[in-house]
Asks: 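Below you will find the structure I want to go over with you.
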There are 2 protein chains.
Amino acid sequence: METPKRRRSATRARLLEGALEVFAERGFHGASVEDICERAGFTRGAFYSNFGSKDELVLALFEATTDRLLEQIAALLPELATQPGTLLDAVLGLLDDAAPDQRQWHLISTEFTLHALRSPEAADALVRQRTVFRQRLTELVEEITRTSGLQLSVPAEQFVRLVMALHEGARSQSLLEPDAVPAGSLEHTFLPMVLAAVSRP
Amino acid sequence: METPKRRRSATRARLLEGALEVFAERGFHGASVEDICERAGFTRGAFYSNFGSKDELVLALFEATTDRLLEQIAALLPELATQPGTLLDAVLGLLDDAAPDQRQWHLISTEFTLHALRSPEAADALVRQRTVFRQRLTELVEEITRTSGLQLSVPAEQFVRLVMALHEGARSQSLLEPDAVPAGSLEHTFLPMVLAAVSRP
DNA sequence: CGAGTAGGATACAGTTCTGTATTGGATACA
DNA sequence: TGTATCCAATACAGAACTGTATCCTACTCG
């Protein structure tokens, strides 16, 4: 039982993986179907046998990426919720470690965001993903504040939105000017202040 | 004296204007030269008479955009530096009002950023632009703190980087979820806290 | 071992885009 | 008024890409 359907889903996976790389390198419209196939080691025959079009692949890629992201979160949450460190270490740790490759992830997720800003359906999907992601983080924050006796003067979700926004903007700066803005520097400089301002012992 | 060179530069300007719109709508690679010309009311003949390629036009567009941005800043700075309101009102006002159309500006600047992350030359240009922009903001902050007797415990530039990062991330959220995140809400919720934390009377 | 089938490769037709070469028309100027 | 010039339109050739239709190969299973 090694080749009836497993082979098919394996090539699907390789195509998705290739698409991820090529999209990160050349962008969404800049990558041709041929590019993706070449990267994955196939020809277009394999592609059109698995996907109806590039758009369809993009959708599948987004869902696959979302799934992986949620898995990563699920894997990281337990230790972060309980073990050492502060609330901010936990939240930032999750944001940082959820994706294996920060640069690629930033390129891809920016590409998705741009796509979503132009297509209502894509926007729906992206907003749903971000909502789930944010909820996980919010629960994490709430749990940590509960167990540590800390209390926030703003809704946890609002606080999470802040951290996400700052993280995204800061990552952009870090990737453009790695020397001037080491990864995480902005967050680690300012977020503790915000936390201090919004928390009561 | 109305048509020797003025006509030429007028079509250049219209092409750039068309490119701005089309790039915002379909993205950089998604827009064909023909699309741009059609939007501007020309055919490709006009295009290739004014630009060598789409890449060249992109560069020109970036510079034109940069110029306009700096003009906007120069126009807004004086009143913001002196007149009423707080430091944050001034900085956020500048970030908000520097571009006439927030959505289009966000799409275009994200597109540029993405492009820059893939091309070292574009990265250079973008970093230069952002550096100038940041310096203007930094000077504004320094001037306001000086005249208002306020003092920051972090370098003004670092503070500006924070505001820019937060602004960018927050704008992304606002555009994706206008109802959940009204424009400016994140900034106006949290930045005063940071400011309070980093300033001494 | 042989027929059937699934999945990917190859070949091909059609479309779209780019870039150049040529043409046409309007304006400046003698 | 006629001519030279400039600029954009048009016409054309070639390249790149998409999507389909057919072929080939390697398993599966009787």
Side-chain angles (χ1 to χ4, degrees), chain A residues 1-62 64 111 114-115 118-119 121-122, chain B residues 1-62 64 111 114-115 118-119 121-122:
Chain A
M1 66 267 293
E2 186 51 292
T3 37
K5 295 195 170 179
R6 285 186 71 103
R7 180 144 199 81
R8 186 163 188 80
S9 78
T11 73
R12 245 185 96 92
R14 274 171 62 196
L15 283 169
L16 287 171
E17 176 67 19
L20 189 75
E21 293 175 18
V22 177
F23 284 159
E25 287 172 15
R26 310 187 197 179
F28 194 60
H29 282 290
S32 72
V33 172
E34 182 92 36
D35 290 334
I36 297 166
C37 296
E38 189 181 358
R39 179 65 55 101
F42 292 104
T43 63
R44 287 206 320 291
F47 182 93
Y48 285 105
S49 164
N50 281 278
F51 302 97
S53 65
K54 197 166 78 172
D55 280 359
E56 195 179 307
L57 171 133
V58 170
L59 194 66
L61 179 61
F62 179 75
E111 201 78 40
L114 226 30
H115 183 57
R118 293 170 180 137
S119 143
E121 312 145 39
Chain B
M1 65 260 303
E2 186 52 294
T3 36
K5 295 193 169 178
R6 284 185 72 102
R7 179 146 197 80
R8 188 166 186 78
S9 78
T11 73
R12 244 185 98 93
R14 273 171 63 197
L15 283 169
L16 287 171
E17 177 66 20
L20 190 75
E21 293 175 17
V22 177
F23 284 159
E25 287 171 16
R26 309 187 198 176
F28 195 62
H29 282 289
S32 71
V33 172
E34 181 92 35
D35 291 334
I36 296 167
C37 296
E38 190 181 358
R39 179 65 54 101
F42 292 104
T43 63
R44 285 206 322 291
F47 182 92
Y48 285 106
S49 163
N50 281 278
F51 302 97
S53 65
K54 196 166 78 174
D55 280 0
E56 196 179 306
L57 170 133
V58 170
L59 194 66
L61 179 61
F62 178 75
E111 201 78 41
L114 224 30
H115 183 56
R118 291 169 181 138
S119 142
E121 312 144 41

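Below, chains carry the letters A, B, ... as their sequence lines are ordered, and counting in each starts from 1.
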Asks: For the side chain of A:A46, counting heavy atoms from C-beta on, which of D:dA8, D:dT20, C:dG8 is nearest?
Replies: C:dG8
Asks: When you measure from every atom of DNA chain C, which of residues 14-42 of chain B have a heavy atom less than 4.0 Å away?
Replies: B:S32, B:V33, B:E34
Asks: Starting at CG of B:N50, measure out to OG1 of B:T11 and round the result to the nearest 0.5 Å.
Replies: 4.0 Å
Asks: Whole angstroms only, please: what is the CZ-P distance between A:F47 and C:dG7?
Replies: 17 Å
Asks: For the atom pair CG (A:L61) and CD (A:E17), what is the distance rounded to the nearest 0.5 Å?
Replies: 9.0 Å
Asks: For A:A60, give me all partners under side-chain contact (heavy atoms from CB on, under 4.5 Å), at least two apart in sequence or on another chain.
Replies: A:R12, A:L16, A:F51
Asks: What about B:R44, does its side chain sit under 3.5 Å from the base of D:dT10 through a donor-acceptor pair?
Replies: no
Asks: By nearest atom, which of the nucleotides D:dG19, C:dG8, D:dT10 is closest to the A:Y48 side chain?
Replies: D:dG19
Asks: With rounding to the nearest 0.5 Å, note down the distance linking CG in A:L20 to CD in A:E111.
Replies: 11.0 Å
Asks: Below 3.5 Å, can you tabulate the donor-acceptor pairs from side chains in residues 21-29 of chain B to any protein atom, sequence neighbours excluded?
Replies:
{"from": "B:E21", "atom 1": "OE1", "to": "B:R39", "atom 2": "NH1", "distance (Å)": "3.0"}
{"from": "B:E25", "atom 1": "OE1", "to": "B:R39", "atom 2": "NH2", "distance (Å)": "3.0"}
{"from": "B:E25", "atom 1": "OE2", "to": "B:R39", "atom 2": "NH1", "distance (Å)": "3.0"}
{"from": "B:R26", "atom 1": "NH1", "to": "B:D35", "atom 2": "OD1", "distance (Å)": "3.3"}
{"from": "B:R26", "atom 1": "NH1", "to": "B:D35", "atom 2": "OD2", "distance (Å)": "3.1"}

Asks: In Watson-Crick or G-U wobble terms, both distances under 3.5 Å, what is the partner of C:dA9?
Replies: D:dT22
Asks: If I compare all heavy atoms of B:G18 with all of B:I36, which pair ends up nearest, and what's the gap?
Replies: C-CG2, 4.3 Å
Asks: Can you pull out every salt bridge (charged side-chain N to carboxylate O under 4.0 Å, His left out) where at least one residue sits in residues 48-60 of chain B? Sequence neighbours excluded, please.
Replies: none
Asks: Could you pull out all donor-acceptor pairs under 3.5 Å where a side-chain atom in residues 40-49 of chain B meets a protein atom, sequence neighbours excluded?
Replies:
{"from": "B:R44", "atom 1": "NH1", "to": "B:E34", "atom 2": "OE1", "distance (Å)": "2.9"}
{"from": "B:S49", "atom 1": "OG", "to": "B:R8", "atom 2": "NH1", "distance (Å)": "3.2"}
{"from": "B:S49", "atom 1": "OG", "to": "B:R8", "atom 2": "NH2", "distance (Å)": "3.4"}

Asks: Pull out every residue in residues 50-61 of chain B that has a heavy atom closer than 4.0 Å to any atom of DNA chain D, ordered by number, or say none.
Replies: B:N50
Asks: What's the closest nucleotide to the side chain of A:R8 if the choices are D:dA9, C:dG8, C:dG19?
Replies: C:dG8
